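Note sheet for the following structure.
Numbers for residues simply follow the sequence, beginning at 1. All ligand and atom numbering here is 1-based and tracks the order in the structure. What you see is a predicted model; the values in this text were computed from it and never measured.
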Amino acid sequence: MKQEEREAIKNYNSSAEAYHNWRTKENPQGWFYNELLEMPSTLSLLGEVRDKKILDFGCGTGIYAKILTRMGAKLKGFDISKEMLDIAKRDNPILDLRLGSGYNIPFKEKFDIVLASLVVHYLKDWNNMFKEVSRVLNKGGYFIFSTGNPVAEARKKIKIGNKKISVLDNYFSEGKIYGPWRSNNGKKIRMHSYHKTYETIIKTIIINNFEIIDYKDCFPIKKAKKLFPKAYAEYSKKPFFCVWKVRKK
Ligand SMILES: C[S@@+](CC[C@H](N)C(=O)[O-])C[C@H]1O[C@@H](n2cnc3c(N)ncnc32)[C@H](O)[C@@H]1O
């Protein structure tokens, strides 16, 4: 097992319940970064899903699984964290959701779409990941993945007077970055991910025999303005997440 897989298991096992609660019970109208920022863009690139065979790569606690199944998709999924997966299974008892990694996808069959929402930045080796995604995709099938916006990932906060502002820094330095997270017992933890430039992402897509069909910079939906005014003010001006829609040739 790779180092980043061990780290993902540790971080997500220790925060699964808290993560699920803050996206559901604590914020019944949705959490800013997911339901109000990332999901609307990803769902729009997914388009019509009725009767489509979808593989939910890094299904987490099964929030997408539930929505897409309700929309008529034939969905299966997997996740590397047992604690996240247990919640997904509890909420979606009839779905085939398995424990496994994107480096070794635990399915042999082929799908029309592989969806990876906010997962791929936990994997360092995208050539290995693309090879696995390609193995489980039909020819002409779509890989739709959302991730950190490469420019936004390269920002750092600096203080000017009393004000904290973010500035672009180290865009070309690829590798591990950390962000704040919260564990089940309320302890602050550092969540890892991997920063890649646009150049690396685009070349990786091309080298692995996929073509870019669409791309979106996530923009918060209107109701976020009232629910999370501070975050809305910031992320309606600056990018944070993006979504790629690529097709296996
Ligand atoms: C931010 S959560 C997103 C969950 C879900 N896709 C969603 O959007 O609701 C990231 C998920 O990726 C999973 N993950 C991280 N590394 C993984 C890997 N190598 N293979 C499969 N899943 C992974 C984590 O366990 C976690 O459940």
key: Under 4.0 Å to a heavy atom of Y64 - the qualifying atoms of ligand 1, by number   = 7 (C), 8 (O)
query = With a cut-off of 4.0 Å, which atoms of ligand 1 are near a heavy atom of A8?
reply = 15 (C), 16 (N)
ask   = To which protein heavy atom is atom 12 (O) of ligand 1 closest, and what is the distance rounded to 0.1 Å?
value = V119 CG1, 3.6 Å
ask   = Who's the nearest protein heavy-atom neighbour of atom 1 (C) of ligand 1, and how far?
value = Y12 OH, 3.1 Å
ask   = Which atoms of ligand 1 sit under 4.0 Å from any heavy atom of S81?
value = 25 (O)
task = Flag the pair K82 and D86 as a salt bridge only when some basic side-chain nitrogen lies within less than 4.0 angstrom of an acidic carboxylate oxygen.
result = yes
ask   = Does the gap between the ring centers of Y194 and Y122 come in under 6.0 Å?
value = no
query = When the aromatic ring centroids of F143 and F130 are compared, is their separation below 6.0 Å?
reply = yes
request  = Starting from atom 20 (N) of ligand 1, find the nearest protein heavy-atom neighbour and note its residue, name and distance.
outcome  = G102 N, 3.0 Å
inquiry  = Exactly one of K25, R90, R23, R182 should register a salt bridge (charged side-chain N to carboxylate O under 4.0 Å, His left out) with E17. Which one does?
reply    = R90
key: Sidechain-backbone polar pair: N13 side chain, E83 backbone, donor-acceptor under 3.5 Å   = yes
Worked check of side-chain hydrogen bond (donor to acceptor under 3.5 Å, both in side chains) between S15 and W181 = CA-CA 8 Å; S15 62; W181 211 256; 3.3 Å; yes
ask   = Purely on distance, is any nitrogen or oxygen of S117 under 3.5 Å from one on ligand 1?
value = yes
query = Given that the side chain starts at C-beta and the backbone is N, CA, C, O, which of these parts of I9 lies under 4.0 Å from ligand 1, counting heavy atoms, or is it both or neither?
reply = neither
key: Within-cut-off N or O pair, G58 and ligand 1, under 3.5 Å   = yes
message = For atom 10 (C) of ligand 1, what's the nearest protein heavy-atom neighbour? Residue, atom name and distance, please.
response = L118 O, 3.4 Å
query = Relative to atom 7 (C) of ligand 1, which among E5, R23, E38, M39 owns the nearest non-hydrogen atom?
reply = R23
message = Show, in sequence, the C-alpha distance, side-chain angles and deciding distance for T200 and T197, and conclude whether the side-chain hydrogen bond (donor to acceptor under 3.5 Å, both in side chains) test is met.
response = CA-CA 5 Å; T200 295; T197 62; 3.2 Å; yes
request  = Before signing off on this row, confirm whether S101 and ligand 1 have an N or O atom pair separated by under 3.5 Å.
outcome  = yes
message = Could you check whether W31 and F228 have their ring centres less than 6.0 Å apart?
response = yes
key: Parallel, tilted or perpendicular: ring planes of F107 versus F78, cut at 30 and 60 degrees   = tilted
inquiry  = Taking the ring of F145 and the ring of W126, is the distance between their centroids below 6.0 Å?
reply    = yes
request  = Tell me which protein heavy atom sits closest to atom 11 (C) of ligand 1, plus the residue, atom name and distance to 0.1 Å.
outcome  = D79 OD2, 3.8 Å
inquiry  = Which of the numbered atoms in ligand 1 are under 4.0 angstrom from any heavy atom belonging to Y19?
reply    = 1 (C), 2 (S), 3 (C), 4 (C), 9 (O)
request  = For residues M71 and R50, report the shortest heavy-atom separation together with the two atoms involved.
outcome  = O-NH2, 3.6 Å
inquiry  = Taking a cutoff of less than 4.0 Å between a non-hydrogen atom of the residue and any ligand atom, is G100 in contact with ligand 1?
reply    = yes
task = Below 4.0 angstrom from a heavy atom of C59, which ligand 1 atoms are there? Numbered from 1 as shown, please.
result = 5 (C)
note = closest protein heavy atom to atom 23 (C) of ligand 1 is I80 CG2, 3.4 Å
